[in-house]
Amino acid sequence: MTTQGGTGTTRNTHDSTPKPDRVHHVRAGELDGHTALSGHTVGSKRLWMGLVENPPLSATDNHHHGDSEAGIYVVSGHPVFVYHDGTREVRVEAGPGDFLLVPPFVPHREENPDPDEPVVVLIARTTQEPIKVSVPELYRYEEGEPHRHEVADA
């Protein structure tokens, strides 16, 4: 493999139009909030990636990610992913090095039950920007059913 310095691009604040014909490099510390790779940051067409940190003793609201799949890699901490299987809430406990897949439209929430340690996860979604649709409760998603309780977060 040949490596040439300077052939990729880093985020350039002078030219806000990402170029589609090159490798883009977002350095540590250059994230746009939680976002590393998106349509806005690097011109991605079908992918969003970012780092999310959940503080100790925290939980997200119940939500789904629309028609986007979400792949999750646990960097640190011990998150719990909660969803409904149609009968009851299911709690999936994860740890560093674990991967999870959240299918499109599946309502879930993430919890960090640890009183001291934050959870850090790397998330990849199959849309260029993150989608988060809050729902009032967890319910089993049946493929093909209408999407109920949709209230998009800003």
Side-chain angles (χ1 to χ4, degrees), residues 8-11 16 18 20 22-154:
T9 61
T10 59
R11 286 189 58 202
S16 63
R22 59 199 68 196
V23 172
H24 296 271
H25 181 188
V26 178
R27 296 183 187 279
E30 291 183 340
L31 274 65
D32 181 5
H34 299 295
T35 303
L37 308 179
S38 71
H40 172 73
T41 61
V42 296
S44 173
K45 302 283 189 239
R46 295 182 297 264
L47 177 69
W48 180 95
M49 281 184 83
L51 277 176
V52 175
E53 181 174 321
N54 292 325
L57 297 176
S58 66
T60 66
D61 62 339
N62 299 322
H63 65 279
H64 65 74
H65 300 291
D67 63 359
S68 177
E69 288 183 311
I72 302 161
Y73 174 76
V74 181
V75 176
S76 63
H78 294 87
V80 177
F81 293 83
V82 184
Y83 71 98
H84 203 284
D85 69 0
T87 304
R88 62 182 176 81
E89 285 189 3
V90 176
R91 301 175 65 77
V92 178
E93 297 179 9
D98 290 352
F99 289 87
L100 301 110
L101 171 70
V102 178
F105 298 105
V106 171
H108 63 283
R109 75 175 167 268
E110 299 94 38
E111 299 177 354
N112 179 6
D114 192 287
D116 301 311
E117 183 181 15
V119 164
V120 177
V121 294
L122 171 66
I123 300 176
R125 296 193 183 125
T126 56
T127 55
Q128 67 177 358
E129 300 298 338
I131 297 169
K132 183 181 177 206
V133 179
S134 295
V135 295
E137 76 266 341
L138 297 180
Y139 55 88
R140 180 180 180 157
Y141 172 69
E142 297 285 342
E143 193 169 353
E145 79 177 8
H147 307 297
R148 56 185 174 169
H149 307 301
E150 293 194 10
V151 181
D153 283 354

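Just the heavy atoms: all of them, side chains too, but no hydrogens, waters or symmetry mates, feed the values below. In what follows, residues are counted from 1 in the order of the sequence shown. Because the structure is predicted, anything quoted here is derived from the model rather than measured.
The nearest pair of heavy atoms linking Val74 to Gly95 is CB-O, 3.3 Å. The heavy-atom pair separating Pro107 from Val135 by the smallest distance is CB-CG2, 4.2 Å. Across all their heavy atoms, Pro96 and His78 have their closest contact at CD-NE2, 3.7 Å.
Side-chain contact check for Pro79 versus Asn54: every heavy-atom pair is 4.5 Å or farther apart. Using a 4.5 Å heavy-atom cutoff, the side chains of Asp116 and Pro56 are not in contact. In this structure the side chain of Ile123 reaches within 4.5 angstrom of the side chain of Arg125, judged on heavy atoms. Between Ser38 and Gln128 there is no side-chain heavy-atom pair separated by less than 4.5 Å. The side-chain heavy atoms of Val92 and Tyr83, taken from C-beta on, include a pair separated by under 4.5 Å. The shortest distance between side-chain heavy atoms of Asn62 and Val82 does not fall below 4.5 Å.
Of the residues listed (Thr126, Leu37, Thr41, Thr35), the one engaging Trp48 in a side-chain contact (heavy atoms from CB on, under 4.5 Å) is Thr35, and it is the only one.
Sparse packing is recorded around CD of Glu93, with 12 or fewer heavy atoms of other residues, nucleotides or ligands lying under 6.0 Å away.
Side chain of Asn112 to main chain of Glu117: a donor-acceptor pair is present (N/O by atom type, distance under 3.5 Å, no hydrogens or angles). For Arg140 (side chain) and Asp85 (main-chain N/O), a donor-acceptor pair under 3.5 Å exists by modelled atom type.
For an aromatic pair to be called close, the ring centres must be under 6.0 Å apart, and His64 with His108 fails this.
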Going through the checks in order, is the side-chain contact (heavy atoms from CB on, under 4.5 Å) test met by Lys132 and Asp61? CA-CA 10 Å; Lys132 183 181 177 206; Asp61 62 339; 2.8 Å; yes
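Note that OH of Tyr73 is 11.5 Å distant from CG of Leu100, once rounded to the nearest 0.5 Å. Taking CG from Leu47 and CE from Met49, the interatomic distance works out to 6.5 Å, rounded to the nearest 0.5 Å. Distance check: Glu137 CD to His84 NE2 gives 9.0 Å after rounding to the nearest 0.5 Å. Atom CD1 in Ile131 sits 8.0 Å away from atom CZ in Phe105 (nearest 0.5 Å). In this structure, OG1 in Thr127 is found 14.0 Å from NZ in Lys45, a value given to the nearest 0.5 Å. Put simply, CD1 on Ile72 and CG on Leu122 are 9.5 Å apart, with the number rounded to the nearest 0.5 Å.
No salt bridge links Arg91 with Glu89; every basic N to acidic carboxylate O contact stays at or beyond 4.0 Å.
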